[in-house]
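The block underneath contains the structure these notes are about, expressed in structure tokens.
Counting starts at 1 for both ligands and their atoms, following the listed order.
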Amino acid sequence: MHYDVIVIGSGIAGLACALAAAPARVAVLTRGAFGEDGASRWAQGGIAAALAPDDSPSLHARDTLAAGAQLNDANAVRRLTDGAPAAVHWLDRIGAAFDRDGAGYRLGREAAHSRARIVHAHGDASGAEAMRALRTAARAASHVDVFEHHRAVRLATRDGGVRGVAAIGPDGAVVFAANAVVLATGGIGALYRYTTNPASADASGLALALDAGAALSDLEFVQFHPTALAPAGGESGQLPLLTEALRGAGAVLVNGAGRRFMPALARDAELAPRDVVARAVWAELERGETVWLDATRAVGAAFAQAFPTVYASCRARGIDPAREPMPVVPAQHYHMGGVRTDAFARTSVPGLYAVGEVACSGVHGANRLASNSLLEGLVFGRALGQRLAGVASAARRVDLDVDAADPGEVPADVDAAIRDTLWRHAGLVRDAHGLALAAARLRELARAAPPRSAAAARIAVAQRIVEAAARRTDSIGAHHRRDAVAAQAG
Ligand code: SIN
């Protein structure tokens with residue numbers, strides 16, 4: 001099949017790109033049914049944009065850089081925050097119903113934002129509403145064809161560039177050829193014991209990129225959310241998110257003795273940056289404590305209406321969050337690293353582009369600011385689509401020779417071993433010894449995995465993450481050692 005553009009993934013970045021690429025002919029490949037894939041529709045936090053009179057894109061940029069430990073690409077940050085208001089208005093125009101306050105949007109505040117600038121929809125169902133609007137628009141767009149139940153298994157290269165994709169569909173292997181292939185496959189949550197991501201966030205885009213020789217960067221920057229609903233038993237995998245907006249509304253973290261522990265650790269207590277709160281929760285759990293998020297006073301009887309998504313998850317577990325605290329654990333939430341992209345979302349391989357969580361444009365630095373992820377997908381996805389609109393005229397039919405063999409699924413025992421290894425040794429708290437243990441365990445798994453299998457591809461990504469974390473840990477260690485030497489000398 002020949003298209004101008006192939007987009008792999010149907011989350012916010014993929015659909016924003018596909019819609020903006022008209023008149024180019026676009027194929028969107030989605031692994032499940034259209035609308036059931038990806039993390040975007042699960043996002044509870046909203047979309048950050050400087051829309052208030054006391055706000056500006058430069059203030060939004062300053063907060064984004066501070067959250068990212070100033071390790072962000074400052075130009076990418078400016079493009080993101082400058083583009084945010086227009087992106088929200090565009091989504092509104094195509095039909096997303098954001099929460100309003102009189103004439104304007106109701107703007108919420110979240111941790112590490114210096115202004116109220118978060119646009120939500122139906123309280124905590126912002127991602128679901130954004131995706132509903134985008135899916136409706138994509139279904140109506142004559143330049144977009146959606147291929148449901150199509151799993152991309154290999155990128156096809158020709159003349160040193162990516163020119164297509166091999167996918168496994170309901171009727172077997174299909175090869176798609178195009179001038180541009182866009183990875184919009186989301187994150188890596190399925191590599192960790194606990195995650196807020198759906199099972200489809202399994203690093204498949206990183207594996208495809210790695211196989212095609214594309215550069216990856218900042219892989220060690222993994223964000224953990226402090227408050228996922230703790231599992232009832234020993235199960236691992238996706239856990240319901242208890243949105244940060246709950247703490248924004250005044251909910252507090254307490255241990256088994258009912259004692260708040262955040263005020264002693266951070267000036268902003270429960271609203272300290274996500275990594276600080278997540279490590280504090282981890283430390284309590286490591287001490288054998290249980291940790292609870294208590295919204296009974298702050299939200300109480302308004303819970304079901306203000307936080308319908310969280311309320312439903314709690315009720316499904318037999319918890320009434322209006323009256324009782326919710327048990328929490330930290331969970332992998334977002335990957336700041338990914339396939340390295342430039343200002344035009346180009347990867348290091350010609351013809352291959354990446355947007356959304358799978359990409360690493362450097363916009364988030366070491367730590368993403370709350371509600372900047374849907375925003376990134378929208379702003380960078382649309383910008384890429386607009387640039388790719390031009391490839392239609394340049395379309396040239398090519399025949400591709402690509403290995404379209406099905407790499408299969410990752411066996412359950414390998415999946416569990418990867419999750420446990422990364423969670424224990426390359427998770428919230430890392431040290432050189434733990435990372436060496438992780439590297440050794442992954443080497444064992446790699447030796448046992450069949451070549452070119454899905455298991456081998458996922459293990460290879462996990463190895464890159466551990467290697468990057470070890471390099472970072474070494475350089476931090478070296479830095480501290482240098483400080484110590486300087487202090488002694490001086
Ligand atoms: C949340 O609602 O706590 C998550 C928001 C985000 O990840 O930006």
Side-chain angles (χ1 to χ4, degrees), residues 11-13 38-49 60 63-64 66-68 80-81 84 87-88 98-99 107-113 116-131 186-189 194-198 201 221-229 238-251 253 268 270-278 281 293 295 298-299 303 306-314 321 326 328-336 356-357 363-379:
I12 196 162
S40 303
R41 74 193 169 101
W42 291 22
Q44 296 178 15
I47 302 175
H60 185 183
D63 294 344
T64 300
L80 181 78
T81 60
V88 169
F98 294 120
D99 297 340
L107 298 175
R109 187 144 177 192
E110 286 175 359
H113 284 275
R117 62 165 75 97
I118 319 299
V119 180
H120 285 101
H122 312 305
D124 63 5
S126 311
E129 176 60 12
M131 289 310 299
I188 61 165
Y194 299 134
T195 178
T196 60
N197 295 182
F221 294 150
V222 181
Q223 185 176 81
F224 293 84
H225 199 287
T227 58
L229 187 62
Q238 187 273 328
L239 299 176
L241 175 68
L242 307 179
T243 177
E244 187 161 298
L246 281 161
R247 281 172 284 128
L253 286 162
D268 294 332
E270 279 83 359
L271 286 179
R274 223 170 251 183
D275 59 324
V276 175
V277 184
V281 172
L293 181 64
V299 185
F303 206 111
F307 299 99
T309 311
V310 175
Y311 188 75
S313 303
C314 289
M326 301 159 273
V328 299
V329 290
Q332 192 282 348
H333 184 60
Y334 191 83
H335 195 200
M336 280 70 67
E357 190 173 347
V363 73
H364 302 303
N367 194 21
R368 176 178 62 76
L369 184 65
S371 289
N372 267 356
S373 57
L374 291 178
L375 177 66
E376 177 198 2
L378 264 183
V379 173

Where ligand 1 meets [X] - atom numbers and elements under 4.0 angstrom, heavy-atom basis:
{"X": "A370", "value": "8 (O)"}
{"X": "R368", "value": "6 (C), 7 (O), 8 (O)"}
{"X": "H333", "value": "4 (C), 6 (C), 7 (O)"}
{"X": "S371", "value": "6 (C), 8 (O)"}

- Task: From the options N372, T81, N367, select the one residue that forms a side-chain hydrogen bond (donor to acceptor under 3.5 Å, both in side chains) with T64.
- Result: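 Option passing the side-chain hydrogen bond (donor to acceptor under 3.5 Å, both in side chains) with T64: N372.
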- Task: Check H113 against A48 and note the closest heavy-atom contact, atom names and distance.
- Result: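 Smallest heavy-atom distance, with atoms named: CE1-CB, 3.8 Å.
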- Query: If you look at every heavy atom in L242 and C314, which pair is closest and at what distance?
  - Reply: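 Looking at all heavy atoms of both residues, the closest pair is CD2-SG, 4.4 Å.
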Heavy atom of [X] under 4.0 Å from ligand 1?
{"X": "H225", "answer": "yes"}
{"X": "E110", "answer": "no"}
{"X": "A245", "answer": "no"}

Donor-acceptor side-chain pairing of [X] and [Y] below 3.5 angstrom:
{"X": "E376", "Y": "H364", "result": "yes"}
{"X": "D275", "Y": "Q223", "result": "no"}
{"X": "E110", "Y": "H120", "result": "yes"}

- Message: Tell me the contacting part of Q223 for ligand 1: side chain, backbone, both, or neither, using a 4.0 Å heavy-atom threshold, strictly below.
- Response: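 Neither; no heavy atom under 4.0 Å.
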- Query: Is any side-chain heavy atom of H122 closer than 4.5 Å to a side-chain heavy atom of T309?
  - Reply: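 In short, these two side chains do not touch, never coming nearer than 4.5 Å.
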Please report whether ligand 1 has a polar contact with [X], defined as an N or O pair separated by less than 3.5 Å (distance criterion only).
{"X": "Q44", "value": "no"}
{"X": "G45", "value": "yes"}
{"X": "N372", "value": "no"}

- Take V310 and T243 through the side-chain contact (heavy atoms from CB on, under 4.5 Å) test and state the conclusion after the steps. CA-CA 8 Å; V310 175; T243 177; 4.1 Å; yes
- Task: Please name all residues satisfying salt bridge (charged side-chain N to carboxylate O under 4.0 Å, His left out) with R117, sequence neighbours left out, ordered by chain then number.
- Result: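 Partners of R117 under the salt bridge (charged side-chain N to carboxylate O under 4.0 Å, His left out) test: D55, D63.
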- Message: Just to confirm my output: which protein heavy-atom neighbour is closest to atom 5 (C) of ligand 1, and how far is it?
- Response: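 Closest protein heavy atom to atom 5 (C) of ligand 1: R274 NH2, 3.3 Å.
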- Do me a favour and list the nearest non-hydrogen protein atom to atom 2 (O) of ligand 1 with residue, atom name and distance?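 Answer for atom 2 (O) of ligand 1: T243 OG1, 2.5 Å.
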